[in-house]
Visitor: 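I'd like to ask you about the structure that follows.
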Amino acid sequence: MTSDIILFLIQDGIANGAIYALLGLAIVLVFAVTRIIMVPQGIFISYAALSLSWLESNLVPPTAWLLLALGLLTAGIECWQARRRPRAMRAPLVKYVVLPAALLGLCWLLAPQDLPQMARMALALALVVPFGPIMYRLAFQPVAGASPLVLLLISVAVFIALTSLGLVIFGPEGVRTAPIATASFTLGVLDLSAQSLWVVGMTALLMVLLYLFFGRTIAGKALHATAVNRIGAKLVGIETNAAGGLAFTLAAAIGALSGILISPITTIYYDTGFLMGLKGFIAAIIGGLLSYPLTVISALVIGIIESFSSFSASLYKEVIVFSLILPVLLLRSLGRRDIGEDEQ
Amino acid sequence: MTSRRILLLIVLAGLAVAPAVLSPFMVTLLIFIGIYSIVALGLVLLTGVAGLTSFGQAAFVGLGAYTTAYLTTTIGLSPWLTLLIGLGLTAAAAFVLGAVTLRLSGHYLPVSTIAWGISSYYLFAHVDGLGGATGITDIPPIEAFGYPFLTRESLYYPIWLTVLVTMQLIVNLLDSRPGRAIRALRGGILMAESFGIATPRYKMAAFIISALLACIAGWLYAHLLRFVNPTPFHLDAGINYLFMVVIGGASQVWGAVLGAGILTILQNYLQDLLPHLFGQTGNYEAIALGVCIVLLLQRTQQGAVSLLDRLLPPPPAAPPGEVTAAERLPERPPLPPGTRLLVVMGASKRFGGLTAVNNLSFSIEAGEIVGLIGPNGAGKSTAFNLISGVLPLSSGEIRYLGRRIDNRSSRRIARLGLARSFQHTRLLPDMTVIENVMIGAHLRSRAGILRALLRLDRAEERSIRAEAARHLHRVGLADSMHLAAGSLALGQQRILEIARALCADPTLLLLDEPAAGLRYQEKQTLAALLSQLRSENVSILLVEHDMDFVMNLVDRLVVVDFGEMIAQGLPEQVQADPRVVEAYLGGIE
């Protein structure tokens with residue numbers, strides 16, 4: 001292994017690690033607010049990348065139809081629950097019917113045109129983000145107060161349903177989308193592609209934004225309060241269901257953005273998002289589902305270890321990455337008093 | 001004969017005649033349901049009973065299957081030998097994984113099971129000699145008494161026999177001392193530890209047993225199909241096993257079989273039906289399954305078996321209050337009155353800048369009832385937690401019978417003869433009243449898991465039951481003996497907590513605000529019980545904020561306020577103490 005290769009592997013690892021970091025951040029965010037482990041986080045990657053590729057082929061992405069279908073279902077439920085208060089029906093109808101319908105119409109109009117890549121990305125993003133709040137509304141909100149195990153099982157079930165749905169609507173073929181920027185620089189011995197710089201840059205930007213969001217805005221503080229104490233937050237007038245929906249919206253946005261950023265570098269299949277999400281997950285676990293900086297650092301380390309192990313022991317790449325979690329958990333368990341702590 | 005028993009006989013008869021009357025396809029389906037049931041049974045113990053979630057059981061199934069596949073095909077070992085080797089390997093693997101993850105609470109365990117579920121799949125697929133994605137073929141059949149089980153149908157009876165035997169073993173285990181310890185894990189680590197239950201050990205036991213069951217299922221699977229490949233041991237399968245238990249009902253053994261049956265049949269039919277409906281191929285059954293699980297969990301979290309339970313008439317209750325003759329459990333020799341039990345010397349506890357307890361000193365002698373009282377926020381609960389080993393001291397020391405206990409865990413303190421109650425009652429609501437009390441006798445009995453599985457513990461079990469019944473009579477709850485603990489009113493639950501503590505044969509009883517939140521009538525009943533215990537020379541430390549309640553019960557009072565002791569002495573003296581009056585009623589300016 002020469003130093004060139006080492007540098008290349010590190011660069012590669014950091015680009016992948018940055019994506020894991022984004023996913024890890026989304027997972028920590030959702031967990032902190034809702035106590036839900038976001039198993040379907042990787043779905044947004046696949047859905048966004050595949051939708052983008054559909055747009056690149058001048059087709060209306062199937063996600064647009066799916067979104068409208070799920071939106072109608074959600075609106076139906078909302079309206080049924082608000083059947084005695086017709087005024088309360090307006091907001092869900094706009095959110096879950098008008099918006100998806102508008103997006104579908106937009107796709108219909110724009111897909112056949114030769115759009116600039118940035119516009120396609122924006123459209124793909126807009127198509128995938130609403131899946132977040134709809135997912136929360138349909139699957140999780142009815143059981144928001146349930147035990148963590150129930151939430152986890154629902155999370156896994158949602159993941160299974162959406163992955164299989166992904167196979168049905170997108171088919172089994174993998175896609176690569178056009179890069180945002182094709183330039184590459186030479187820095188000493190290192191070839192830097194503009195796309196990896198985009199990935200790393202966007203990750204850093206998002207982290208700063210998240211930091212500002214939680215520290216400086218009312219919505220962010222409300223999310224944080226819900227994370228700390230659901231009942232307490234409710235008592236001071238924070239709408240916890242809205243907080244959950246917001247957390248899922250952010251998670252979907254982060255996931256979709258990751259998908260759009262990574263799809264020019266890696267081939268994305270309908271189920272690729274799962275393994276990526278899981279690595280983000282392990283980063284989140286190492287961060288204790290709590291610390292954003294620690295999550296980012298461990299995600300980068302996971303990315304680098306992964307790129308080294310795919311170079312020297314490619315068959316065992318996944319084994320090495322997933323076995324990483326064990327020593328970390330061991331350290332955590334040693335540093336903990338196991339008695340006298342209430343699990344509630 | 002009860003309707004439950006009739007139903008059981010019908011099910012058993014149905015299983016017995018199934019191969020003769022059902023189509024070969026259905027028989028094959030039943031064979032797989034049997035194998036899945038064995039794995040699901042392990043999960044009932046692990047997830048439903050002990051409250052530990054694992055998505056990684058498929059990895060243990062794979063370990064069992066690959067061990068036998070590899071060893072029987074390469075070096076030609078007998079399948080019976082490879083079963084033992086597989087069990088050994090599985091136990092070792094489960095031990096290592098458990099040692100790393102079981103002490104972690106909450107989400108770490110399920111998530112790490114996902115991680116190892118995935119790694120093991122890649123291991124099976126990539127380790128040299130395991131045949132990669134094609135796997136290992138030509139596995140020899142199992143042979144017993146010279147008869148080789150060559151066809152799938154020939155394994156029908158052995159597999160279902162294994163299911164029924166395993167089921168009985170798990171039932172045996174749950175109705176025993178170690179079983180109660182495992183069930184107590186759900187009531188919180190603290191409660192279990194306070195009665196001397198070594199929670200890490202029992203978590204590990206549940207984990208290893210469930211892994212071993214998975215390994216047996218894997219062994220059967222390998223010799224049933226006569227080939228193995230990595231696919232059936234993927235994370236998906238692990239998730240499926242967990243779903244089986246959730247669908248069937250995680251808290252009862254029949255839930256495992258029911259869940260395995262429902263899920264397997266459902267998946268099979270959906271696989272055939274849905275592509276017809278939609279006119280194209282695709283894994284629609286997974287979509288349907290995901291949606292079904294979400295809907296099911298949104299409606300109920302009890303599973304199909306509880307539905308069945310509600311349809312059937314309840315089993316006839318045992319007559320309340322019976323005490324069977326049995327050998328008495330060992331008892332501690334009574335301490336002579338006046339023996340110094342608990343000595344608290346200069347105990348302090350600081351949380352950061354806040355001093356919750358400051359320089360607290362008092363002592364309790366055998367046969368005494370001492371009340372530790374103070375207004376809300378005075379530091380009583382902190383003091384209680386220091387004595388019961390929940391919190392470490394910042395400075396000072398606490399001795400019990402001359403031995404330092406402030407550096408000991410709750411479990412080791414329990415061994416010295418202290419038993420406690422909880423202000424927020426920590427009972428196991430689904431267990432009967434008497435079973436809850438029997439947990440108290442954990443340290444006074446010995447039966448281990450093996451004896452429990454094989455029912456060699458019955459004599460001791462009778463003694464424990466008789467002892468628990470005796471204490472229920474003592475506290476006046478004998479009539480509720482066979483009710484679910486969760487159905488009792490709060491006042492009765494507090495009394496049940498006391499009975500459970502008494503069942504530990506303690507030399508000192510620690511009661512944490514037993515009267516808090518009780519109605520007047522309930523307080524009267526509790527007070528009557530405490531005066532009765534007083535007449536029986538039980539030593540008690542009673543932590544309370546209700547001064548009227550303790551006034552006529554205790555020999556001495558220790559009054560704390562703002563973490564400091566402000567008065568100590570006979571109830572009348574303390575009541576007249578101006579500092580106490582001020583603490584309770586506010587100062588007179």
Side-chain angles (χ1 to χ4, degrees), chain A residues 31 35 37 39 138-140 142-143 146-165 167-169 171 274-275 278 281-282 284-285 288-289 315-330 332-334 336-344, chain B residues 47 51 53 55 96-97 99-108 110-112 114-123 125-127 188-190 193 199-200 236 239 242-243 246 278 280 282-294 296-298 301 385 389-392 409-411:
Chain A
F31 181 78
R35 302 280 129 186
I37 290 200
V39 183
L138 285 179
F140 295 101
V143 284
S147 73
L149 171 61
V150 170
L151 294 176
L152 177 61
L153 288 172
I154 291 183
S155 187
V156 171
V158 168
F159 160 74
I160 290 176
L162 285 180
T163 309
S164 321
L165 211 54
L167 176 60
V168 169
I169 62 175
F274 177 58
L275 280 184
L278 209 60
F281 218 103
I282 291 185
I285 289 285
L289 288 173
L315 285 181
Y316 295 102
K317 173 179 123 180
E318 311 292 353
V319 178
I320 293 171
V321 171
F322 288 111
S323 306
L324 263 183
I325 198 173
L326 292 179
V328 175
L329 290 177
L330 183 64
R332 283 200 165 264
S333 78
L334 289 179
R336 199 188 117 107
R337 259 171 78 91
D338 61 342
I339 301 178
E341 275 184 49
D342 274 304
E343 291 94 77
Q344 306 312 321
Chain B
T47 304
T53 309
F55 289 96
V96 172
L97 287 171
V100 176
T101 49
L102 285 180
R103 285 185 45 174
L104 299 165
S105 66
H107 292 80
Y108 291 104
V111 170
S112 53
I114 292 181
W116 89 59
I118 290 184
S119 332
S120 63
Y121 169 76
Y122 284 102
L123 279 178
H126 295 313
V127 167
I189 303 296
L190 180 56
E193 291 276 331
T199 52
D236 299 353
I239 292 172
L242 196 59
F243 280 160
V246 172
F278 292 98
Q280 60 183 92
N283 50 347
Y284 293 101
E285 77 281 358
I287 305 174
L289 177 70
V291 174
C292 285
I293 297 275
V294 171
L296 181 84
L297 286 171
Q298 286 180 349
Q301 283 135 37
N385 285 337
V390 176
L391 291 173
S409 63
S410 303
R411 193 200 317 163

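Chain letters run A, B, ... following the sequence lines, proteins first, then strands; residues in each count from 1.
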Visitor: Check each atom of B:Ser120 against the heavy atoms of chain A and say whether the ones under 4.5 Å are side chain, backbone, both or neither.
Guide: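 No part of it gets close to chain A.
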
Visitor: Does a side-chain heavy-atom distance below 4.5 Å link B:Val294 with A:Leu138?
Guide: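 A side-chain contact is absent here, since even the closest heavy-atom pair is not under 4.5 Å.
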
Visitor: Taking side chain as everything from C-beta outward and backbone as N, CA, C, O, which of these in B:Val96 sits under 4.5 Å from a heavy atom of chain A? Side chain, backbone, both or neither.
Guide: neither

Visitor: Show the atom names and distances, to 0.1 Å, of all donor-acceptor pairs under 3.5 Å that link a side chain in residues 148-161 of chain A to residues at least two apart or in another chain.
Guide:
from: A:Ser155; atom 1: OG; to: A:Ile37; atom 2: O; distance (Å): 2.5
from: A:Ser155; atom 1: OG; to: A:Val39; atom 2: N; distance (Å): 3.1

Visitor: Check whether B:Leu97 gets within reach of chain A through its side chain, its backbone, both or neither, counting any heavy atom under 4.5 Å.
Guide: side chain

Visitor: Between CG of B:Asp236 and OG1 of A:Thr163, what distance do you get to the nearest 0.5 Å?
Guide: 9.0 Å

Visitor: For B:Ile239, which atoms come within 4.5 Å of any heavy atom of chain A: side chain, backbone, both, or neither?
Guide: side chain

Visitor: Checking heavy atoms, do the side chain of A:Leu162, its backbone, both or neither come under 4.5 Å from chain B?
Guide: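 When you check distances to chain B, no heavy atom of A:Leu162 falls under 4.5 Å.
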
Visitor: Measure distances from B:Leu289 to the heavy atoms of chain A and classify the residue's part below 4.5 Å as side chain, backbone, both or neither.
Guide: neither

Visitor: Heavy-atom cut-off 4.5 Å, strictly under: side chain, backbone, both or neither for B:Phe55 against chain A?
Guide: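 The side chain, not the backbone.
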
Visitor: Between chain A and each of B:Leu297, B:Asn385, B:Ile293, count heavy-atom pairs under 4.5 Å; write down the option with the most.
Guide: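 Top count of heavy-atom pairs under 4.5 Å with chain A: B:Leu297.
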
Visitor: Decide side chain to side chain contact (heavy atoms under 4.5 Å, CB included) for B:Ile114 and A:Leu278; before the verdict, give the C-alpha distance in whole Å, the side-chain angles of both, and the deciding distance to 0.1 Å.
Guide: CA-CA 9 Å; B:Ile114 292 181; A:Leu278 209 60; 3.9 Å; yes

Visitor: Do you know which two heavy atoms are closest between A:Ala139 and B:Gln298, and how far apart they sit?
Guide: O-NE2, 2.7 Å

Visitor: Look at B:Val291, B:Thr47, B:Leu123 and state which one has the largest set of heavy-atom pairs under 4.5 Å with chain A.
Guide: B:Leu123

